[in-house]
Number of protein chains: 2
Amino acid sequence: MQAKLSGFISAIQQATTLDGLQSVIIGLRDHLGIEHVIYHSVNSTGQQYAVLTYSPEWVDRYLAEDYARIDPVLQGCFRRFHPVNWKTLDWSGRAQRMFLGEALDAGVGNQGYSVPIRGPNGQFAMFTVSHRARDATWEKFTGEHVADLILFAHFVNQRALEIEGGHDLNVMRSLSPREIDVLTMLAMGLNRAQAADSLAISEHTFRTYVESARFKLGANNTTQAVARAVAEGLVLI
Amino acid sequence: MQAKLSGFISAIQQATTLDGLQSVIIGLRDHLGIEHVIYHSVNSTGQQYAVLTYSPEWVDRYLAEDYARIDPVLQGCFRRFHPVNWKTLDWSGRAQRMFLGEALDAGVGNQGYSVPIRGPNGQFAMFTVSHRARDATWEKFTGEHVADLILFAHFVNQRALEIEGGHDLNVMRSLSPREIDVLTMLAMGLNRAQAADSLAISEHTFRTYVESARFKLGANNTTQAVARAVAEGLVLI
DNA sequence: AAGCCCCCCATCATTTTCGGGGAGTTGCTT
DNA sequence: AAGCAACTCCCCGAAAATGATGGGGGGCTT
């Protein structure tokens with residue numbers, strides 16, 4: 001497997017379009033002998049795109065019904081770090097209806113294993129393998145491939161980020177230490193008076209820093225300035 | 001290496017304390033034949049802890065001087081998804097003084113390779129290997145071990161999350177879709193009137209959502225609520 | 001030495017937000 | 001059928017933030 005694995009990773013890294021990634025993913029699916037491989041990403045502007053082997057009908061249905069809101073896989077991945085076996089999720093209520101009533105018919109496997117992936121600026125993605133199999137079989141399969149799947153997930157996401165994302169993230173804005181201080185205090189929930197006090201400067205001075213930080217960050221108001229600073233990692237809460 | 005790798009991963013998974021992780025990490029360092037292995041985590045409440053092989057003096061110095069603010073490794077990792085070779089970072093200005101003037105003396109290797117890791121709730125961590133070596137040697141070493149390092153990073157972080165506190169992850173704050181909407185608008189820099197307008201709800205309704213989101217997030221004011229939501233990845237800007 | 005950025009301080013009128021109340025509908029879950 | 005969470009709408013006075021202006025001193029870089 002090891003040789004094959006690095007082969008797939010090379011292939012991933014040579015892909016220059018999402019279609020290219022799709023081909024690699026299909027190759028991977030066939031190699032693993034399973035039914036579905038899905039890579040699904042939500043980027044920082046809230047736009048999402050996916051590279052998958054589901055039927056277009058099911059994808060349309062999923063989007064139209066806004067199943068993302070009730071999908072236990074998505075919810076589960078979002079709050080976990082380690083990959084998650086679908087069997088361990090909570091499939092009650094609406095989720096059950098979605099799964100038993102529609103997803104299975106649409107060709108989604110009864111078993112699944114999803115790797116959560118997080119990138120800079122709040123990017124979130126999932127790399128999923130799905131199949132029709134018995135619990136024990138699936139347990140064995142996933143157990144043997146955890147490491148490989150984590151690596152695939154990483155490299156697919158890395159490539160997808162390179163393909164999709166403009167590298168305007170590199171235009172790092174720099175704030176002065178004091179500007180970072182004031183934004184940090186605000187992000188911690190202090191009001192101007194408290195914050196200025198705890199930095200031992202006048203409220204007016206405090207305001208000056210907020211203004212200049214706001215200007216540098218191209219923000220309309222304090223809240224946006226704080227949000228941007230937090231999102232860019234300039235301010236750690 | 002493959003056999004060794006899974007051995008280390010098993011060892012990681014058997015660790016029950018951060019000290020246990022430390023032992024595994026030292027074993028890993030010796031096995032790789034390098035000088036330092038560092039795992040450093042920051043969660044969304046700003047608490048940080050580390051498992052590392054640096055001298056306590058250097059760690060104290062780093063914390064006391066708040067070097068996290070100017071450390072290009074931290075900054076660079078926060079903006080990237082893929083592991084980063086220290087050589088590719090911007091080591092000018094204060095960072096240079098820190099590195100040449102103190103870090104090297106403190107035993108930090110001249111070469112380094114850091115894997116960024118992101119978990120739920122805005123958790124952020126780095127897994128770093130550092131060594132004294134020439135560029136070509138280091139290039140070769142890291143090239144050969146990228147995949148392994150990514151995997152180590154993953155499993156160390158997974159274990160550290162389990163050890164440090166699975167409890168606060170369970171009380172994962174979940175915001176309703178509308179609450180996320182209002183915070184998103186605010187994070188984008190609109191004021192209440194504009195935001196309410198663009199969501200096609202009354203300003204007062206808008207306020208109600210902000211209030212309930214603020215309550216759920218345990219925030220003192222709107223700015224903090226937005227900052228927390230952004231930091232935890234609930235709101236994408 | 002000039003220019004630039006960082007650090008600090010101030011006023012006033014205007015706009016925006018906050019905090020404290022209260023009320024009604026839908027829709028899912030149990 | 002009841003409960004609960006989410007969604008929608010409203011008032012008002014007090015408190016806070018903003019915008020538009022000023023000012024001065026210190027330190028690094030060119």
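Residue numbering restarts at 1 for every chain, and letters A, B, ... go by the order of the sequence lines.
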Novice: Tell me if the centroids of the rings in A:His131 and A:Tyr113 come within less than 6.0 Å of each other.
Specialist: no

Novice: Quick one: on DNA chain C, does A:Arg97 or A:Ala200 contact a more 5' nucleotide (nearest heavy atom)?
Specialist: A:Ala200

Novice: Is the distance from OP1 or OP2 of C:dA10 to the nearest side-chain N or O of A:His204 less than 4.0 Å?
Specialist: yes

Novice: Return no unless some side-chain N or O of B:Ser202 is found under 4.0 Å from OP1 or OP2 of D:dC9.
Specialist: yes

Novice: Between D:dA15 and A:Arg192, is there an OP1 or OP2 to side-chain N/O distance shorter than 4.0 Å?
Specialist: no

Novice: If I take atom CG in residue A:Leu186 and atom P in nucleotide D:dA17, what distance separates them, rounded to the nearest angstrom?
Specialist: 8 Å

Novice: Between B:Phe127 and B:His154, is the gap from one ring center to the other below 6.0 Å?
Specialist: no

Novice: Please identify which of these residues, A:Arg61, A:Arg94, A:Arg97, meets the salt bridge (Lys or Arg N to Asp or Glu O under 4.0 Å) condition with A:Glu102.
Specialist: A:Arg61

Novice: Any side-chain N or O of A:Thr222 under 4.0 Å from OP1/OP2 of D:dT18?
Specialist: yes

Novice: Are the charged groups of A:Glu35 and A:Arg132 less than 4.0 angstrom apart, N to O?
Specialist: yes

Novice: Have a look at B:Thr205 and say if it touches a base, only the backbone sugar-phosphate, or nothing, with a 4.0 Å heavy-atom cut-off.
Specialist: base

Novice: What's the CZ-C1' distance between B:Phe206 and D:dA6, to the nearest Å?
Specialist: 16 Å

Novice: Counting only side-chain N and O atoms of B:Lys216, is one of them less than 4.0 Å from OP1 or OP2 of D:dA5?
Specialist: no

Novice: Without decimals, in angstroms, what is the distance between A:Glu179 CD and C:dC8 P?
Specialist: 12 Å

Novice: Within the structure, does a side-chain N or O atom of B:Thr208 lie under 4.0 Å from either OP1 or OP2 of D:dC7?
Specialist: no

Novice: Provide, to the nearest angstrom, the distance between the CD atom belonging to B:Glu203 and the C1' atom belonging to D:dC11.
Specialist: 13 Å

Novice: Return the 5'-most residue of the pair A:Ser176, A:Arg94 with respect to DNA chain C, ranking by each residue's nearest nucleotide.
Specialist: A:Ser176

Novice: Please determine whether a side-chain nitrogen or oxygen atom of A:Tyr209 lies at a distance below 4.0 Å from atom OP1 or OP2 of C:dC8.
Specialist: yes

Novice: Relative to each other, are the rings of A:Trp58 and A:Tyr62 parallel, tilted or perpendicular (30° and 60° limits)?
Specialist: perpendicular

Novice: Do other residues, nucleotides or ligands put more than 12 heavy atoms under 6.0 Å from the NZ atom of A:Lys140?
Specialist: no

Novice: D:dA16 phosphate, OP1 or OP2: any side-chain N/O from A:Arg207 under 4.0 angstrom?
Specialist: no

Novice: Let me know the distance between CG of A:Leu199 and C1' of C:dC7, rounded to the nearest Å.
Specialist: 13 Å

Novice: Round to a whole Å and report the spacing from CD1 of B:Ile201 to P of D:dT8.
Specialist: 6 Å

Novice: How many Å lie between CE on B:Met185 and C1' on C:dT17, as a whole number?
Specialist: 18 Å

Novice: Quick one: which of C:dC7, D:dC7, C:dC8 gets closest to the side chain of A:Pro177?
Specialist: C:dC7

Novice: If I take atom CD in residue A:Gln96 and atom P in nucleotide C:dT29, what distance separates them, rounded to the nearest angstrom?
Specialist: 11 Å

Novice: With a 4.0 Å limit, can you tell me whether B:Arg178 has a side-chain N or O closer than that to the phosphate oxygens OP1/OP2 of D:dT8?
Specialist: yes

